[in-house]
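Heads up, the thing below is written out as structure tokens.
Lettering of chains follows the sequences in order, A, B, ..., and the numbering in each one begins at 1.
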There are 2 protein chains.
Amino acid sequence: MTVDSRSEKTRPDRAAATRDRILDAAERLFAERGVLAVSNRQIGEAAGQGNNSVVGYHFGGRSELVLAILRRHAVAVEQLRTDLLTRVHPGSALHDWVGCLVRPLPAHLAELGDQSWHARFLAQASNEPTLRAVIRADAKASPSLRRAQEGMFRLLPAVPAEVRAERGEMSRLVVVHMCAEYERALQNGVAPPSRTWETAAARLVDAVVGLWLAPVTPAVLGPDAALRCRR
Amino acid sequence: MTVDSRSEKTRPDRAAATRDRILDAAERLFAERGVLAVSNRQIGEAAGQGNNSVVGYHFGGRSELVLAILRRHAVAVEQLRTDLLTRVHPGSALHDWVGCLVRPLPAHLAELGDQSWHARFLAQASNEPTLRAVIRADAKASPSLRRAQEGMFRLLPAVPAEVRAERGEMSRLVVVHMCAEYERALQNGVAPPSRTWETAAARLVDAVVGLWLAPVTPAVLGPDAALRCRR
């Protein structure tokens with residue numbers, strides 16, 4: 001018996017195609033319903049797979065599946081940010097450095113077109129603490145994100161580390177959820193005709209710049225804190 | 001046969017107690033897993049109800065149940081905002097007017113203590129477009145919220161209506177999700193000891209003021225918009 005080299009050669013391709021179909025279905029279902037509201041069986045069915053265990057076989061647990069979806073977009077987003085970083089220098093305006101942080105996601109979504117579910121997937125996954133931790137760890141591994149953050153921090157007045165971490169989280173929330181909202185409006189045909197991903201990105205950059213430039217009110221502590229909370 | 005007037009009198013109380021238990025269970029489960037990931041049967045079981053249809057019987061559909069949870073908090077939140085509004089006047093600083101918008105939620109959560117699920121419930125419900133519409137419509141009906149917004153807008157430079165609506169949504173996102181995060185950290189005992197609801201509120205007010213004061217970059221439109229998106 002001879003081995004059929006043709007079918008040997010296509011096996012990895014078939015496996016890759018199956019993985020792609022699973023990731024497409026999972027991203028869409030997670031975006032629509034939330035990451036915990038969808039079963040592996042539902043993902044397998046939506047991906048046209050008869051075998052109930054196919055999702056677990058290819059991806060293991062929920063965190064691995066979420067990470068695999070992130071990774072499919074990571075190369076494009078990283079490239080967009082690297083391109084933006086070639087156009088900034090230490091003397092660039094704060095807007096431009098913040099643009100390197102904010103613009104890659106909307107620019108990537110603009111390239112995906114009106115069949116994208118990615119922003120809504122990110123918004124849903126971010127609502128689960130364990131999955132948010134997966135997303136954060138993945139972002140921290142991005143060299144371009146670190147360079148953009150360092151460039152931005154050099155132009156900002158010093159703020160306590162805790163406030164810096166909070167504002168980083170606020171910026172991420174605003175970008176992800178506003179992109180999710182616009183992605184949904186585009187797909188449903190209810191986005192105002194004047195809107196483009198470019199205007200959405202420009203408005204996000206404005207708001208995030210404002211958020212980072214806001215002076216920090218000295219923390220109110222001490223015994224009358226509860227009272228002042230109502231002041 | 002005589003009617004037992006005692007049991008007649010307690011029947012509405014029993015119904016109210018059942019409704020309360022259902023709302024407690026629903027808020028917690030929605031907060032933990034997402035509003036669409038939880039079935040009426042699971043809510044009924046968590047509320048100690050043997051009858052499978054008890055949630056539907058008391059509340060109808062998912063929107064009505066979400067609205068009933070909101071309403072349980074609405075009186076307290078409205079009162080907190082009305083109190084804050086007695087302390088501001090047209091000459092008050094922007095920070096104080098923004099405080100009237102931002103502080104009622106964290107102040108209410110501070111009163112609820114470390115067994116609160118309300119902020120996480122709001123964050124989860126906001127991720128569903130239909131439920132976000134329910135929450136928005138309910139907020140719009142609040143007279144105190146409208147007064148606080150009008151006071152804030154008087155102190156802000158004019159911005160296009162679309163930008164105003166977007167920044168309102170960004171502010172809401174930041175407040176709800178950061179409160180949800182802090183609520184979770186408190187309950188899990190991982191909040192930094194220096195943190196209080198008061199410091200959380202003060203930092204939210206700072207950030208939201210910054211977001212509203214950010215100058216609006218004129219929208220980039222025209223044929224080269226896609227190009228500029230990468231600039």
Side-chain angles (χ1 to χ4, degrees), chain A residues 33-38 80 83-84 87 95 99 103 106-107 110 123-124 126-129 162-163 166-167 169-170 173-174 177-178 180-181 184 192 194-221 225-226 228-231, chain B residues 33-38 80 83-84 87 95 99 103 106-107 110 123-124 126-129 162-163 166-167 169-170 173-174 177-178 180-181 184 192 194-221 225-226 228-231:
Chain A
R33 303 189 208 165
V35 179
L36 301 190
V38 178
L80 285 161
D83 288 353
L84 287 168
R87 293 157 205 209
H95 256 74
R103 288 178 177 274
Q124 293 277 17
S126 302
N127 254 17
E128 301 305 325
E162 210 175 287
V163 172
E166 280 176 16
R167 291 187 173 180
E169 181 59 18
M170 291 180 196
L173 276 168
V174 162
H177 286 269
M178 295 306 286
E181 189 71 354
R184 179 181 292 112
S194 66
R195 287 291 295 281
T196 61
W197 277 112
E198 168 56 28
T199 55
R203 288 173 186 168
L204 283 168
V205 171
D206 287 345
V208 169
V209 165
L211 194 152
W212 278 105
L213 283 179
V216 181
T217 301
V220 179
L221 290 172
R228 293 202 201 174
C229 197
R230 280 167 169 268
R231 188 171 56 102
Chain B
R33 302 188 208 165
V35 179
L36 300 190
V38 178
L80 286 161
D83 288 354
L84 287 169
R87 295 160 204 206
H95 257 75
R103 288 177 177 276
Q124 293 277 17
S126 302
N127 255 16
E128 300 305 327
E162 209 175 288
V163 172
E166 280 176 16
R167 290 185 175 181
E169 180 59 18
M170 291 180 196
L173 276 168
V174 162
H177 285 270
M178 294 307 285
E181 188 70 353
R184 179 182 292 116
S194 66
R195 287 292 294 280
T196 61
W197 278 112
E198 169 55 26
T199 55
R203 288 174 187 169
L204 283 169
V205 171
D206 287 345
V208 169
V209 165
L211 193 152
W212 279 105
L213 283 179
V216 181
T217 301
V220 179
L221 291 171
R228 294 203 200 174
C229 196
R230 281 167 168 264
R231 190 175 54 103

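When each of B/Glu169, B/Glu128, B/Arg33, B/Glu166 is checked for heavy-atom pairs under 4.5 Å with chain A, B/Glu166 comes out on top. Most heavy-atom pairs under 4.5 Å with chain A: of the set B/Gly34, B/Gly99, B/Pro129, this distinction falls to B/Pro129. Interface remark: of the candidates B/Leu36, B/Val38, B/Val35, B/Leu36 forms the most heavy-atom pairs closer than 4.5 Å to chain A.
Evaluation of the side chain to side chain donor-acceptor pair (under 3.5 Å) rule for A/Arg184 yields A/Glu181 as partners, not counting sequence neighbours.
Taking CZ from B/Arg203 and CZ from A/Arg167, the interatomic distance works out to 9.5 Å, rounded to the nearest 0.5 Å.
With contacts defined as side-chain heavy-atom distances shorter than 4.5 Å, the pair A/Arg103/A/Leu80 does not qualify.
Checked by atom type and distance alone, the side chain of A/Asp206 pairs as donor or acceptor with a backbone atom of B/Thr217 at under 3.5 Å.
Neither the backbone nor the side chain of B/Leu213 has a heavy atom closer than 4.5 Å to any heavy atom of chain A.
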